[in-house]
Every structure is written in structure tokens, then in C-alpha cells.
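Working notes, beginning with the structure itself.
Atoms within a ligand are numbered from 1 in the order they appear, just like the ligands themselves. By convention here, the first residue in the shown sequence is residue 1.
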Amino acid sequence: MYGWTGKILRINLSSKTYRQETYAEEFAHKWVGGRGFAVKILWDELKPGIDPLGPENKLIVAVGPIAGIPAPNTGKTVVAAKSPLTGGYGDGNLGSRVTIQLRKAGYDVLIIEGKAENPTYVTIEDDKVAFHSAAEIWGKGSYDTMDWLYAKYGRSIGILTIGQGGENLVRYAIIRSMEGRAGGRPGMGAVMGSKNLKAIVVKGTKNIPVADEEAIKKIGTDDLRQVGKIDKETGWSIQSTTGVLAWCNEVAALPVRNMRKTFHPDAWRIDGERLNEARVATYGCPNCTMRCGITILDKEGHEAEMDYENIGMLGSDLEIFELAQVGSLNFLCDDFGLDTISAGGTLAFYADAIDQGAVEGDFKFGDAERAKELLRLAAHREGVGELLAEGSLRMARRFGHNSEDYAMQVKGLEISAYNCKFIPGMALAFGTSAIGAHHKESWVITYEINETPRDSYGREKAQKVIELQRIRGGLFEFIVACRFPWVELGWDLEHYPVYFNKITGLDWQLEDFWQVSDRIYALIRAHFVREFPDWDRTRDYPPRVWFDPANADKEGPIAGKILDINKYDELLAHYYDLRGWDDRGIPTRRTAEKLGLSEEFAALEKIIKLKD
Ligand code: PTT
Ligand code: SF4
């Protein structure tokens with residue numbers, strides 16, 4: 001088998017044992033890699049109802065067939081587990097040297113199970129796995145931890161680590177890797193922490209099995225150069241992801257004040273132009289020629305790496321418009337290992353709940369110093385941090401007073417930095433995003449605002465959401481590559497079957513990938529339904545406040561406009577129909593069969609009756 005190493009490394013932290021397992025070609029062809037491998041393994045191996053923060057949960061680290069080869073943006077890795085934030089399948093995708101080192105060590109997948117007795121870190125060097133005491137690094141931030149590991153093992157190693165947030169089981173703790181890379185929004189860092197696992201270090205020396213090595217070397221190297229050239233010509237990485245902030249402000253899509261407002265006159269102070277002016281360094285993932293990580297000096301003088309989501313959620317949504325202060329909040333999230341989106345959304349919800357009288361507290365929008373202190377408290381679960389560490393949905397359920405209506409999340413995962421109070425297609429994208437409200441699955445917002453009437457709820461919007469989910473939540477997550485060349489530079493999708501075929505020796509067309517995407521989407525949905533057998537379509541609704549006329553903007557481009565709940569429900573019905581899911585949002589028996597999931601759905605049928 002080319003393209004895949006065909007090997008899984010299973011590590012048990014309770015017994016300090018490990019073993020290599022092989023998987024069949026059929027498994028590789030059906031699930032391809034990354035998210036595909038993770039969703040199938042977790043489906044097979046997790047018992048429904050387990051505590052995501054208990055030893056029965058498993059952490060999967062998975063790459064895909066094109067990961068790590070010299071072709072554009074192939075330095076990404078998927079981390080996945082049952083989510084402590086949503087209770088369903090959760091994952092994330094981060095740039096890491098682990099991608100290449102894991103492939104060179106001879107594996108496509110790591111399965112980490114059990115729980116170490118004491119704080120531990122694990123090293124994987126080809127066939128050798130060792131368990132080490134993490135006593136010296138437990139309690140340290142992710143930057144110090146990475147420096148400590150680099151000093152011991154050299155800078156070429158792949159590292160996945162957590163900060164204090166993961167150690168203290170903050171439900172939105174992420175996993176960190178090289179420089180500013182972070183991933184696993186739905187609490188993958190907390191799952192590592194729950195296993196007393198501070199870090200995973202990987203180093204490999206083998207060759208990645210490629211069918212046509214000469215061809216991939218030539219095409220991949222040419223294409224890396226080409227992507228770099230297009231980036232230079234377009235100037236995309238001058239502002240990188242933050243270029244979108246000014247646009248969001250202009251079209252009334254910016255998160256401001258817990259998403260109660262959609263634009264702000266001070267937004268320019270934290271936009272991409274200001275960020276580029278403040279730039280002190282640029283970082284990127286391995287195998288990337290359009291490096292997008294921009295760092296600035298934060299208020300305390302640390303280097304903080306900033307993306308749009310981070311600035312939107314820790315800046316405008318908290319009404320903090322001093323770039324260095326936003327940098328400080330970003331740096332703290334990175335060091336503590338907290339997801340910036342959920343951390344920002346949770347703090348914004350807290351300030352809003354205090355404003356609305358749902359709870360007493362001493363935090364106000366715009367108070368950067370207190371926000372920093374609250375992040376520290378959350379990461380250590382001290383004082384009010386015990387509450388903040390739970391995320392906005394659980395907090396709302398404790399506060400009552402209808403505060404759940406303005407907890408800006410779907411399925412427990414905080415909404416990324418796009419305020420959709422009047423953007424129906426993007427609201428649907430958040431509503432139906434596989435793992436909770438993440439923009440990574442379907443970023444339909446530019447299509448919707450630039451190319452369609454914003455107030456339409458037509459079937460074509462549901463179709464577009466699915467089309468993007470197939471590419472973003474599917475293709476890029478299972479072949480495992482960064483999607484930015486395609487999203488930002490218009491790099492043709494047709495390049496991907498070429499890489500895939502040269503690597504695997506197969507002859508797939510783009511259409512072949514969409515079947516895999518739909519299969520993965522259906523099985524992720526099955527995970528959620530298995531955990532929540534009372535599943536109904538309201539779980540695919542965004543928060544109530546986006547439907548509340550009292551919450552409509554009073555001025556600006558969308559003054560007086562708000563989402564219509566009945567029309568949203570019709571849009572959702574189109575989405576289900578196009579996907580072959582029933583009116584509860586569950587794939588039908590026929591769809592499951594078509595996707596080769598009869599066995600999995602027969603198991604699901606023991607929990608909930610399926611429809612034809
Ligand atoms: C991703 C989510 C994002 S998406 C951002 S900014 W973005 C936030 N970044 C965080 C951060 O930084 N520090 C932190 N403590 N928490 C953070 N949480 C947020 O996490 C990321 C880039 C970006 S920057 C994006 S869009 C693209 N995402 C990709 C994806 O999801 N899949 C894929 N195949 N390619 C992608 N390319 C781009 O990668 P999650 P990274 Mg992250 C500091 O993982 O859980 O999906 O959350 O991976 O290596 O940092 O690169 O405007
Ligand atoms: Fe990493 Fe950015 Fe390059 Fe994508 S574009 S591979 S996120 S540095």
C-alpha cells in the first residue's frame with residue numbers, strides 16, 4: 001500500500017504499554033485519513049455515555065496520505081476525541097512538525113488511551129516509545145514546556161503539548177504545537193490533561209511510502225514555489241486572516257459586545273493594516289510558502305501570534321480595541337492553552353450576563369486588565385474561573401434567567417468571529433457545522449454577502465453550505481492539508497487528486513472524495529445522536545438572540561433586520577433534504593446504506609429508530 005504507512009501506534013498510559021497495529025487497505029480507502037480515521041476509530045472504540053474527561057476517552061492524532069509530503073501546505077495534523085465541551089465527536093487541525101515526524105516514524109495514527117498515574121510525557125522515536133515524568137513541566141505554560149522539550153530533544157522534533165488550561169480540564173483547552181499553532185477547539189487539550197499527559201514528542205527517520213516519488217517531488221516542489229509566487233502577487237499574507245476584519249466591520253458581520261452589535265467605529269484600531277504595521281515576526285507551519293502567522297509585541301512585551309478569529313473574539317467582541325492588549329489576551333490563551341474563540345465568547349457572555357442582571361460580577365466590556373485576570377482564573381479553575389472554565393452554555397444553564405438565549409454557541413461550542421444575526425446561510429453553516437459552531441466547516445459568508453441577496457433563505461444557500469462542508473470539513477480534513485491555498489489564493493482543487501494519486505498510485509477524481517466527505521459527516525452526526533438520543537432539529541439552531549427583533553441593529557447596513565426563525569427552519573429542511581437526513585437531522589437508513597454505513601447505523605438503531 002502506497003500513501004499510507006498502514007500502521008497505528010496504540011499507547012496505553014495506564015499500563016505504560018504500547019503496540020503497533022496494522023489496518024487494511026479497505027479502511028484506508030473508505031476513511032482516507034485524519035478526521036476520517038479519527039471518527040471511525042472513536043465510533044468503534046468508545047462506549048456511548050463515557051465521561052470525556054475520564055480514562056475511557058481516547059485521544060486520536062491522525063494524519064492523511066498527503067500529510068508531510070513536499071507539496072503545498074501539508075504540515076497539518078488532526079487531533080480528536082469525545083469532546084468535554086459538546087459531549088459529541090470533537091476535533092481540530094493544527095500545523096505541527098508532528099505531521100512529518102509521525103509519518104517518518106512509520107505511523108498514520110496514534111491512539112492514546114487510559115490515564116497515567118502521574119504527570120507524564122511520551123516520546124516516540126520510530127519503533128520506540130518511552131514514558132517520562134513530566135514533574136518538571138507540569139504547571140508550566142505551553143511556551144516554557146516547548147522550550148524545555150526543545151532543549152532536551154532538539155528543535156526538529158514534533159511536539160503536541162498543553163498548558164495549564166488542559167491540565168485543569170478547562171472544557172475549551174486546546175493542544176499547542178510549534179510557535180503559534182493551536183488546535184482542537186472542543187477541548188482536546190482537556191482530554192490530554194485528563195490523562196495526565198503533558199506532551200507528546202515525535203521523531204522519525206523512515207521514508208514516507210509514496211507511489212511515484214520522482215513525480216511528487218517535481219510537482220510538489222514546483223507547486224510550493226507557485227503558491228509562494230501567487231501569495232506574493234496577491235499580497236495575501238501581508239495581513240493574512242486578519243484582512244477580513246475590516247470587511248466584516250463594513251458589512252455588519254463583526255462580533256461586538258457578545259455579538260449584540262455587528263460593527264464598531266474603533267474596529268480599524270485592531271484591523272489587518274494595524275497588525276501588519278505592528279508585526280515583529282512571521283511564522284508558519286511546515287511545508288508552507290504562504291506563511292500566515294503574524295506576531296506583534298503584546299502589552300507586556302511577549303511575542304503574540306494573531307489571527308482574525310483571535311482578534312475578533314478577544315478584541316471586538318469584548319470591546320477591547322487596543323491591539324497590544326488584544327495581543328496580551330491572545331498570548332495568555334496560547335500560553336495557558338485555551339481556545340481563543342471559546343475563551344473570548346465565554347468572557348463576552350459573562351460580561352453580557354452581568355449587564356442583563358442574570359448574575360452578579362465585576363467584569364465589564366472593554367476591561368482588558370480584568371479579562372487577563374479572568375483568563376488566568378479560568379486556566380487554573382480558581383474563584384470565578386471554576387465557572388468560566390465550563391464555557392458559555394454550561395454557565396448559562398447555571399445562571400438561568402433565559403441567559404441561554406444569548407450564550408453564543410451551537411451544541412456547546414462557541415461561535416467563531418462572524419456575527420450572523422442577519423446572514424442566514426452562514427448561520428446555517430454554524431448551525432450544522434459537524435462539531436459545533438466552527439467556521440472551519442463551511443465559510444459561506446463571502447459568497448452569501450457578495451453573490452446572493454443577503455435576506456434570501458433559498459435552497460441554493462443550503463446547497464452551498466454542503467458544497468463547502470464537503471471541501472473544508474471533508475477533503476482538507478481527511479487528506480489533511482491546510483485549505484488556505486485554495487480559500488485564499490484560489491489554488492485549484494484539481495491539484496489535490498493529482499497529489500493523492502501520485503502518492504497512493506490510485507486513480508481518484510474529485511467526485512470520489514465527496515462520498516468520503518458525506519460518509520464522515522454522517523458518522524459524526526451519528527456520534528452526536530448516540531450521545532443524545534433525544535436528538536431533534538433545534539440542536540442545529542443558532543442562539544435565540546439572532547431571531548429576536550429586539551436585538552436587531554438600530555443603525556448601520558442591517559438596521560432593523562434579524563434572522564427569521566420560520567425561514568431558518570425551512571432552510572434547515574432544505575439542508576436535511578439535500579443531505580438525505582430526516583426531519584430530525586439524522587441520516588436516513590437509505591442514506592446510511594448509500595454511504596456504506598449500514599453496520600454503524602444498525603448499531604445506532606438500537607438507540608434510536610431511524611427513518612427510511
Ligand atoms: C482553529 C481555530 C482558529 S481557525 C483560530 S484562528 W483561523 C484560532 N486560533 C487559535 C490560536 O492561534 N491560539 C489559541 N490559543 N486558540 C486558537 N483558537 C482558534 O482555533 C490555523 C490556521 C487557521 S487560522 C485557519 S482559519 C485555518 N484552519 C484550518 C483548518 O481548520 N483545517 C485545515 N485543513 N486547514 C486550516 N488552515 C488554517 O489554519 P481548530 P493552526 Mg487550529 C494562535 O485548530 O481546533 O480547528 O481551531 O491550526 O495550525 O493554528 O492554523 O482565522
Ligand atoms: Fe500554516 Fe498558515 Fe501556511 Fe496554512 S497558510 S500551512 S495555517 S502557515
Side-chain angles (χ1 to χ4, degrees), residues 34-35 64 66-67 72-80 83 85 90-96 98-99 142 162-163 165-166 172-189 224 227-228 231 236-237 240-245 282-295 303-314 327 329-345 375 379 413-414 416-418 433-436 438-441 443 471-489 491:
R35 175 177 254 191
I66 86 161
N73 306 50
T74 53
K76 291 272 188 179
T77 295
V78 168
V79 288
S83 162
L85 193 60
D91 68 11
N93 189 320
L94 73 165
S96 176
V98 162
T99 315
S142 65
I162 54 170
Y172 44 88
I174 41 84
I175 295 176
R176 297 292 319 286
S177 193
M178 51 186 289
E179 285 94 42
R181 313 288 97 184
R185 289 195 54 211
M188 301 303 101
L224 271 164
V227 164
D231 178 46
W236 176 75
S237 60
S240 298
T241 56
T242 62
V244 82
L245 192 145
T282 305
Y283 291 105
C285 310
N287 293 353
C288 177
T289 48
M290 51 182 290
R291 301 188 312 152
C292 70
I294 302 174
T295 64
E303 254 193 49
E305 190 173 323
M306 319 274 281
D307 288 302
Y308 167 67
E309 303 301 325
N310 307 357
I311 300 180
M313 298 310 291
L314 297 169
L329 295 171
N330 196 145
F331 174 82
L332 288 176
C333 282
D334 282 349
D335 202 31
F336 292 143
L338 303 177
D339 172 41
T340 51
I341 298 173
S342 284
L375 286 181
L413 185 67
E414 281 71 20
S416 326
Y418 304 93
S433 159
I435 57 168
H438 199 318
H439 64 291
K440 82 171 183 185
E441 310 282 330
W443 195 65
I471 301 169
R472 297 168 62 108
L475 179 68
F476 285 107
E477 300 303 312
F478 62 71
I479 55 169
V480 192
C482 172
R483 61 173 183 259
F484 276 172
W486 167 71
V487 178
E488 308 292 356
L489 307 183
W491 189 245

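- Interatomic distance, Asp231 CG to Trp236 CH2, rounded to the nearest 0.5 Å: 7.0 Å.
- Looking only at side-chain heavy atoms (C-beta outward), Arg472 and Val487 come within less than 4.5 Å of each other.
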Original post:
Are Asn73 and Arg483 close enough, and set up right, to give a side-chain contact (heavy atoms from CB on, under 4.5 Å), and what steps lead you there?
Top reply: CA-CA 8 Å; Asn73 306 50; Arg483 61 173 183 259; over 6 Å; no
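- Set against the non-hydrogen atoms of Cys333, the atoms of ligand 1 under 4.0 Å away are 15 (N).
- Closest non-hydrogen pair, Leu375 versus Ala343, comes out as CD2-CB, 3.9 Å.
- Considering each of Asp339, Val480, Asp307, Val244, the one bringing a non-hydrogen atom nearest atom 6 (S) of ligand 1 is Asp307.
- Scanning the protein for heavy atoms near atom 43 (C) of ligand 1, the closest one is Gly180 O, 2.9 Å.
- When Thr295, Thr340, Asp334 are checked for heavy-atom proximity to atom 13 (N) of ligand 1, Asp334 turns out nearest.
- Atom 42 (Mg) of ligand 1 has Ala182 O as its protein N, O or S neighbours under 2.8 Å.
- In Glu477, the part holding a heavy atom less than 4.0 Å from any atom of ligand 1 is the side chain.
- No N or O atom of Arg176 sits closer than 3.5 Å to an N or O atom of ligand 1.
- Note that OG1 of Thr242 and OH of Tyr308 are 10.5 Å apart. Values are rounded to the nearest 0.5 Å.
- Where the criterion is an N or O separation shorter than 3.5 Å, residue side chain and backbone included, Glu305 fails it with respect to ligand 1.
- Contact residues for ligand 2 (protein heavy atom closer than 4.0 angstrom to any ligand atom): Asn73, Lys76, Arg181, Gly284, Cys285, Cys288, Met290, Arg291, Cys292, Cys482, Phe484.
- Atom 9 (N) of ligand 1 has Asn310 OD1, 3.3 Å as its closest protein atom, hydrogens excluded (heavy atom only).
- Residue Ile341 places no N or O, backbone or side chain, under 3.5 Å from any N or O of ligand 1.
- The shortest side-chain heavy-atom distance between Leu489 and Val227 falls under the 4.5 Å cut-off.
- A side chain to side chain contact (heavy atoms under 4.5 Å, CB included) with Thr77 is found for exactly one of Val480, Thr99, Asn93, Ile175, namely Thr99.
- Using a 4.5 Å heavy-atom cutoff, the side chains of Phe484 and Thr241 are in contact.
- Taking the six-membered ring for Trp and thresholds of 30 and 60 degrees, Trp443 and Tyr418 have ring planes more than 60 degrees apart, a perpendicular arrangement.
- Here the CG-CG distance, from Leu314 to Leu338, works out to 9.5 Å after rounding to the nearest 0.5 Å.
- The CD1 atom of Ile341 sits 10.0 Å away from the NZ atom of Lys440 when rounded to the nearest 0.5 Å.
- Put simply, the side chain of Ile174 does not reach to within 4.5 Å of the side chain of Met188, judged on heavy atoms.
- Note: no N/O pair closer than 3.5 Å links Cys285 and ligand 1 by distance alone.
- Looking at atom 21 (C) of ligand 1, its nearest protein heavy atom turns out to be Lys76 NZ, 3.7 Å.
- For the residues Cys482, Gly312, Ser177, Ala481, the heavy atom positioned nearest atom 34 (N) of ligand 1 is part of Ala481.
- Ligand 1 places these atoms under 4.0 Å from at least one heavy atom of Thr241: 52 (O).
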**OP:** Please report the C-alpha distance between Ser416 and Arg185 in whole Å, then the side-chain angles of each, then the deciding distance to 0.1 Å, and finally whether the side-chain contact (heavy atoms from CB on, under 4.5 Å) criterion is met.
**Re:** CA-CA 10 Å; Ser416 326; Arg185 289 195 54 211; 3.7 Å; yes
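- Short contacts between ligand 1 and Lys440, defined as distances under 4.0 Å to a heavy atom of the residue, involve ligand atoms 31 (O), 46 (O).
- For atom 25 (C) of ligand 1, the closest heavy atom belonging to the protein is Phe484 CZ, 3.3 Å.
- For Asn330, the side chain to side chain donor-acceptor pair (under 3.5 Å) test picks out Asn310, Asp334, with sequence neighbours left out.
- Looking from atom 30 (C) of ligand 1 to the surrounding protein, the closest heavy atom is Arg483 NH1, 2.9 Å.
- Side-chain contact check for Asp339 versus Cys333: every heavy-atom pair is 4.5 Å or farther apart.
- Remark: ligand 1 atoms within the under-4.0 Å shell around heavy atoms of Leu338 are 14 (C), 15 (N), 16 (N).
- Under a 4.0 Å heavy-atom criterion, His438 is in contact with ligand 1.
- Residue, atom and distance of the protein heavy atom nearest to atom 7 (W) of ligand 1 are Glu309 CG, 3.7 Å.
- Partners of Cys285 under the side-chain contact (heavy atoms from CB on, under 4.5 Å) rule, at least two apart in sequence or in another chain, are Lys76, Arg181.
- Annotation: side chain of Val244 is not in contact with side chain of Glu309 (no heavy-atom distance under 4.5 Å).
- Taking 4.5 Å as the limit, every side-chain heavy atom of Ile162 sits out of range of all side-chain heavy atoms of Phe336.
- Side-chain contact check for Met306 versus Ile311: some heavy-atom pair is nearer than 4.5 Å.
- Heavy atoms of His439 approach ligand 1 to within less than 4.0 angstrom.
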